[in-house]
Amino acid sequence: MSKSVNGFSKLNKLEKIDWLVSRFLNNDQKLKQVLLQYWNSNEILQNLHDDFIENTLTNFYLPFGVAPNFVINEKKYTIPMVIEESSVVAAASLVSKFWSTRGGFKANVISTVKIGQVHFMYEGDKTELENYFNSKKENLYKVTEAITKNMRKRGGGILTIKLRDKTAELENYYQLHVTFETADSMGANFINSCLEVIAKEFQKEDIQIVMSILSNYVPECLVHAEVSCIVEDLYAENSIELAQKFVQAIQIANAEPHRAVTHNKGIMNGVDAVVIATGNDFRAIEAGVHAFAARSGKYKSLTNASIENGIFKFWIDIPLAVGTVGGLTSLHPLSKLSLQLLGNPSAIELMEIIAVAGLAQNFAALRALTTAGIQKGHMKMHLTNIIKQLGASEKEKKFLIDYFEHKTITHNAVVEAYNKLVQEK
């Protein structure tokens, strides 16, 4: 039976599922039911989800939770988070409550500049190219006016267009480096549309346009978030020693890339969870953030900490290109709900909220790592997942949770305890 197909996109959903099940899943009807059971009974809502991507078969659910008690710039928030990893939302909730009694989080957006580039090849004289660019520059703005009209009304538009010589990196390679302000939209389609019009206007016989595309590296679309308190307020005891260990943990992440990657992954647990909940592009943000972490030529921590004059300070600077209008933010019912939950923030306010979520996750991780260790809390949260995998009853679940209250939790230990419980029945 052939596993190749022509015209797959023209099949309806059920036909696509039947083809997949018969060709790849041994015609197992139970597996077909797995796909069907995640269809939404609301046909209008299901059709909306079907149109988000191509060749949709079903929906893939992720938990939607909230972390309450965040205080950011003296304003209270309950932050929506979409993530499958246990302990992330719990950690955010614990940290938000901790800092709510210590002045809360402070955050501010440093810049919101985004970048797009027209990449091209040119073999001629550089001076002639520069003269041509200068002669065309004013018109490069003019040809985009129909596209930028509405954006300019909202305070956005094209900020600068510069010619860059990149021949030291690649022979004959130049680019038009364009900066944008996109107000409350992420602006990907807006930027790309502008770039394509600019490229068409700039192209001539000896200029070979290779591509026109926005960049997800946005080091000038930057937000800062921080917390601070007197050292003695950090821990119940041994505050000075433990605060120093906290700072050293970040210094290690700056010195050792293997640690820095895991360190920053923990930050992105918080960042991505809010980005997904609000319908933004977490892949673009991930790519930009990790490039920013390596901007010095060495991959380092996104966060920093200091102890000066008895004051502990912990902060993050992170590039975030997000939107609160357009795209999925305006289509997905839960994304719209998330933004309403946050008080319908501007893109700038959402940047601040997301940065705080990342900082909170890192605080929780470093606090655990430098004291009791990460596994104690993580495995406690993971225990319920192991119990579910075993198919334990509610009574068995309660017994196992009580049994491991003061014991080390491992997958094997839980399985052994469960098997013993079943055998004793």
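Side chains are part of it too, since the values below use all heavy atoms of this structure and drop only hydrogens, waters and symmetry mates.
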Looking at [X], I'd like to know if its [atom1] atom is crowded, meaning that more than 12 non-hydrogen atoms belonging to other residues, nucleotides or ligands lie closer than 6.0 Å.
X	atom1	result
Lys76	NZ	no
Asn134	CG	yes
Gln37	CD	yes
Glu169	CD	yes
Gln29	CD	yes
Ile44	CD1	no
Lys137	NZ	yes
Tyr38	OH	no

[X] versus [Y], closest heavy-atom pair with distance:
X	Y	result
Gly266	Gln361	O-CB, 3.4 Å
Ile147	Cys194	CG2-SG, 3.8 Å
Phe133	Leu163	CZ-N, 3.7 Å
Ile158	Ile198	CD1-CD1, 4.1 Å
Ser301	Ala260	N-CB, 4.2 Å
Ser338	Phe64	OG-CE1, 3.2 Å

Quick one: are [X] and [Y] in side-chain contact, heavy atoms under 4.5 Å?
X	Y	value
Leu369	Lys245	no
Thr58	Lys13	no
Asn280	Thr329	yes
Leu14	Leu36	yes
Leu214	Phe180	no
His49	His332	yes
Ile285	Met268	yes
Ser193	Phe190	no

Run Phe292 and Leu222 through side-chain contact (heavy atoms from CB on, under 4.5 Å) and show every step you take. CA-CA 10 Å; Phe292 184 77; Leu222 199 63; 3.6 Å; yes
Return the [atom1] to [atom2] distance between [X] and [Y], rounded to the nearest 0.5 Å.
X	Y	atom1	atom2	answer
Leu342	Ile79	CG	CD1	7.0 Å
Thr167	Tyr122	OG1	OH	12.0 Å
Ile348	Asn108	CD1	CG	10.5 Å
Leu35	Gln33	CG	CD	9.0 Å
Leu339	Thr278	CG	OG1	6.0 Å
Met186	Leu328	CE	CG	13.0 Å

According to the interplanar angle, ranging from 0 to 90°, do the rings of His119 and Tyr173 count as parallel (below 30°), tilted (30 to 60°) or perpendicular (above 60°)? parallel
Report the C-alpha separation of Ser100 and Asn69 in whole Å, then their side-chain angles, then the decisive distance to 0.1 Å, and conclude whether the side chain to side chain donor-acceptor pair (under 3.5 Å) test is met. CA-CA 7 Å; Ser100 68; Asn69 300 317; over 6 Å; no
Should the pair Glu308-Lys313 be classified as a salt bridge under the 4.0 Å nitrogen-to-oxygen rule? no
Ion pair check, Glu352 and Lys75, cut-off under 4.0 Å: no
Does NZ or CZ of Arg367 fall inside the cone over Phe98's six-membered ring, less than 6.0 Å from its centre and within 45° of the axis? yes
Check the side chains of [Y] and [X] for a donor-acceptor pair under 3.5 angstrom, ignoring hydrogens and angles.
X	Y	answer
Glu286	Asn216	no
Thr179	Thr160	yes
Asn42	Gln46	no

For the pair Leu359 and Val95, evaluate side-chain contact (heavy atoms from CB on, under 4.5 Å) and give the outcome as yes or no after the intermediate values. CA-CA 10 Å; Leu359 188 67; Val95 171; over 6 Å; no
If only atom types and distance count, is the side chain of Ser346 paired as donor or acceptor with the main-chain N or O of Glu349 below 3.5 Å? yes
If only atom types and distance count, is the side chain of Lys298 paired as donor or acceptor with the main-chain N or O of Ala255 below 3.5 Å? yes
Working note: Phe282 + Val82, criterion side-chain contact (heavy atoms from CB on, under 4.5 Å); need CA distance, chi angles, decisive distance, verdict. CA-CA 11 Å; Phe282 75 94; Val82 173; over 6 Å; no
Can you spot which of Lys162, Lys166, Gln117 makes a side-chain hydrogen bond (donor to acceptor under 3.5 Å, both in side chains) with His177? Gln117
Test log, rule side-chain contact (heavy atoms from CB on, under 4.5 Å), inputs Ile115 and Val178: CA-CA 6 Å; Ile115 294 166; Val178 189; over 6 Å; no
I need the single residue from Phe314, Phe363, Phe70 that forms a ring pair (Phe, Tyr, Trp, His ring centres under 6.0 Å) with Trp99. Which is it? Phe363
